[in-house]
Amino acid sequence: MVLLFPWKPLLSLLLFLSLFFYEHWISIPSCNIVPNTDLNQQEHDVVEEENDNDEVLKVMLVANLLLLGSDTSFFNLYFRDYYMSKVFKKSFYSLKPDMLLVMGDVSARGSTLTRGKWVSVLHQFHGMIGPFIELPFHVVLGDMDVGGCSGLDSNSVYWVARSFPGLDSSGCGAFDIDNVSFVSLNAVALLCGNNKLRFSVEKAVEMERIDSWMDSEKEMSDYGEFTKTSDSFGRRKDLVTSGLGPVLLLHFPLHQAENGGCKEGNIVRKAPMPLRQGLNALESSRGYTGAPYELWHTIPPNATQYIFQALKPRIVFSAHTHEFCDHTHSDGTREITVPAMTWKARDDPGFVFATFRSGGNTDKEA
């Protein structure tokens, strides 16, 4: 007697289980704790002791979603974008953040889309972030969203900016949550020459400088956190001490020194090369021609210095490079570059999870 082994049902079962466990594994976030830098470790220890009872604001930061809206291919819709939405959902329930920050490039080619196509991208974005739609969220504009200097139009930027909460007509925003102040700037305009949008961004910086100065003046008698400097015209100005300003949000990283490097966990690596890793998967047949700026582009040195002097940011978050970067500038300001969230840009998408204490200057990224 010959017994036939029912291998076809068993093979189907194994295939189903493999896909089930793969989907479960790939969509669960795995975090690496980034330690505080040597420059602020001592301050961190003091703040931990003095502010154990302070409220903690938990923020998830993502970047470079590169959504295609109604032009999404079958593979992107049911694989790349599908698993990205699963990561959002599982991160929401496992990490329990209080807020979502999107650091630019929501769209893969938003600057060239018609308004109808852009609406389809917005619908895809809202579906992608899932339960985060019920939380406060803020979107920073990227070069893929509004285009480069040659095509930067104030009317188009305003139309895109009004699609997201908290942005003014120039694509800038400022808000407070749990006594933590955030300022987001249209970094694309800062790369351009003398144009209306750049002037609007500088106006937003000056307004924030005045607000910070007035808030700090009220506390001067208690903390004495002021220094004297001179501006380019030789006039004396009172400025808030470095690190006591808002959390600064930019799409483009700030300028770094020639020998600057990025720290990924305990590994120090050089700044990313100008390679558009993985972007060939964005279907060149559909008209995608790449971002207006290569991945090595940063805010110019003069604009970087102006931002440091005017805002004295507590910490800076940027994106654009698709890679994680932990950099400390010469004045001690820490900048975290958020990696790309999508498989369209890299093989191992990621995000940053940061905690802020309302009473101190402690920040942790995972």
Side-chain angles (χ1 to χ4, degrees), residues 60-69 84 100-113 117-118 121-122 124-125 128-129 137-154 156-173 182-192 195 197-198 200-201 204 248-254 272 274 276-279 282 288-300 303 307 316-325 335-342 344-346 349-352:
M60 181 173 169
L61 298 98
V62 301
N64 307 94
L65 304 183
L66 302 176
L67 302 178
L68 289 161
M84 183 161 58
L100 174 68
L101 295 176
V102 183
M103 303 302 297
D105 286 357
V106 170
S107 173
R109 52 174 185 266
S111 59
T112 63
L113 295 179
K117 294 282 189 180
W118 177 253
V121 170
L122 288 179
Q124 186 183 10
F125 169 69
M128 179 71 65
I129 64 176
F137 72 90
H138 183 82
V139 178
V140 179
L141 299 184
D143 55 311
M144 302 289 273
D145 300 317
V146 298
C149 293
S150 60
L152 198 61
D153 177 72
S154 57
S156 297
V157 170
Y158 169 65
W159 194 87
V160 172
R162 71 178 186 176
S163 303
F164 302 112
L167 294 178
D168 63 16
S169 60
S170 65
C172 299
F182 294 84
V183 171
S184 69
L185 300 178
N186 182 351
V188 182
L190 291 174
L191 288 176
C192 305
N195 62 84
L197 272 176
R198 181 184 175 93
S200 297
V201 174
L248 179 60
L249 310 175
L250 301 162
H251 176 67
F252 284 97
L254 296 171
R276 308 206 64 81
Q277 299 174 342
L279 281 179
L282 279 178
Y288 175 78
T289 57
Y293 299 102
E294 296 294 343
L295 299 183
W296 53 268
H297 271 85
T298 60
I299 300 297
I307 288 173
V316 179
F317 290 98
S318 58
H320 184 69
T321 67
H322 299 169
E323 301 288 340
F324 174 82
C325 177
E335 178 175 355
I336 302 294
T337 302
V338 181
M341 181 68 167
T342 176
K344 301 186 188 86
R346 51 183 291 154
F351 60 88
V352 169

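By convention here, the first residue in the shown sequence is residue 1. Nothing here was measured: the structure is a model prediction, and the numbers come from that model.
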Should Phe164 and Val140 count as side-chain neighbours, where that means a heavy-atom distance under 4.5 Å?
-> no
The side-chain hydrogen bond (donor to acceptor under 3.5 Å, both in side chains) partners of Ser170 (sequence neighbours excluded) come to Asp168
Mind checking side-chain contact (heavy atoms from CB on, under 4.5 Å) for Ser318 and listing every partner two or more places apart, or none if nothing turns up?
-> Pro253, Glu335, Thr337
Listed partners of Ser184 passing side-chain hydrogen bond (donor to acceptor under 3.5 Å, both in side chains), at least two apart = His138
Check side-chain contact (heavy atoms from CB on, under 4.5 Å) between Leu113 and all other residues, then give those that pass, not counting sequence neighbours.
-> Ser107, Arg109, Lys117, Trp118, Val121
Would you call the rings of His251 and His320 parallel, tilted or perpendicular, where under 30° means parallel and over 60° means perpendicular?
-> perpendicular
For the side chain of Asn64 and the backbone of His322, is there at least one donor-acceptor N/O pair under 3.5 Å apart?
-> no
What do you reckon, is OH of Tyr158 surrounded by more than 12 foreign heavy atoms closer than 6.0 Å?
-> no
How far apart are the closest heavy atoms of Val338 and Phe351, and which atoms are they?
-> CG1-CA, 4.5 Å
Non-neighbouring partners of Phe182 that pass ring pair (Phe, Tyr, Trp, His ring centres under 6.0 Å), sequence neighbours left out = Phe175, Phe356
Under the side-chain hydrogen bond (donor to acceptor under 3.5 Å, both in side chains) test, which residues partner Ser200, sequence neighbours left out?
-> none
Do Pro349 and Thr342 touch side chain to side chain, with heavy atoms closer than 4.5 Å?
-> no
